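Nothing here was measured: the structure is a model prediction, and the numbers come from that model.
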Amino acid sequence: MSHVTVRRLRPLIAIVTLALGLGACKDSTGPDHEHGEEVHAMRITLATGASVTVSETGQFNGTLTIPAGVATGVTVTFLDDAGAVVDDLPASEYQASVSPNAGITFTRTGSFTGTLRGDAAGNVTVRFGLFHIDEQHDDFGPFPVPVTITGAN
């Protein structure tokens, strides 16, 4: 190739390289591939043993019910395509993202744990996901999960 052709291709090569670099991080609903294991689902488990599993498309099964006015422990785990826990998610790089709607609060006790406390009886939504701390975005989700609050405060 001549110097003229190479010189004309440099801006194109730079643009392609930049686009590939920006596209390396997954969109917020797709699975994460950075640690060699893919996240295909998450399991949200209450201290009572009740749990909900949420797929990578946001479909969920199970129910979450907590008493009003009581801080209830919650743990979020992430699962691969075989349903096994993905254990290659260091707490220094990842944490469960938990965004409650009005009527319920979340208090973090660890990267993948915390408590939910409902204000009064009713149904509320909490969005859960896998947050990549360094990149400041969710690598999985967040997905809305209904929580039923029972009893009076």
If you look at every heavy atom in [X] and [Y], which pair is closest and at what distance?
X      : Y      : value
Ile104 : Val126 : CG2-CG2, 3.9 Å
Val74  : Ile44  : CG2-CG2, 3.5 Å
Tyr94  : Ser111 : O-CB, 3.8 Å
Ser97  : Pro142 : OG-CB, 4.3 Å
Ala41  : Thr53  : CB-CG2, 4.3 Å
Asp119 : Ala68  : O-CB, 4.3 Å

List the steps, then state whether side chain to side chain contact (heavy atoms under 4.5 Å, CB included) holds for Ile133 with Glu93.
CA-CA 5 Å; Ile133 297 167; Glu93 296 178 37; 5.7 Å; no

When you compare the side chain of [Y] with that of [X], does any pair of heavy atoms fall below 4.5 Å?
X      : Y      : result
Val39  : Asp139 : no
Thr77  : Thr75  : yes
Phe128 : Val54  : no
Thr63  : Thr148 : no
Pro144 : Thr125 : yes

In terms of hydrophobic clustering (I, L, V, M, F, W, Y; side-chain heavy atoms under 4.5 Å; direct or indirect links), are Phe112 and Phe131 co-clustered?
no

Over 12 non-hydrogen atoms of neighbours within 6.0 angstrom of CZ in Arg127
yes

Euclidean distance, Ile66 CD1 relative to Leu46 CG, rounded to 0.5 Å:
7.5 Å

Sole candidate of Glu38, Met42, His132 that passes side-chain contact (heavy atoms from CB on, under 4.5 Å) when paired with Phe140:
Met42

What side-chain hydrogen bond (donor to acceptor under 3.5 Å, both in side chains) pairs are there with at least one residue in residues 100-109, not counting sequence neighbours?
Thr109-Thr113

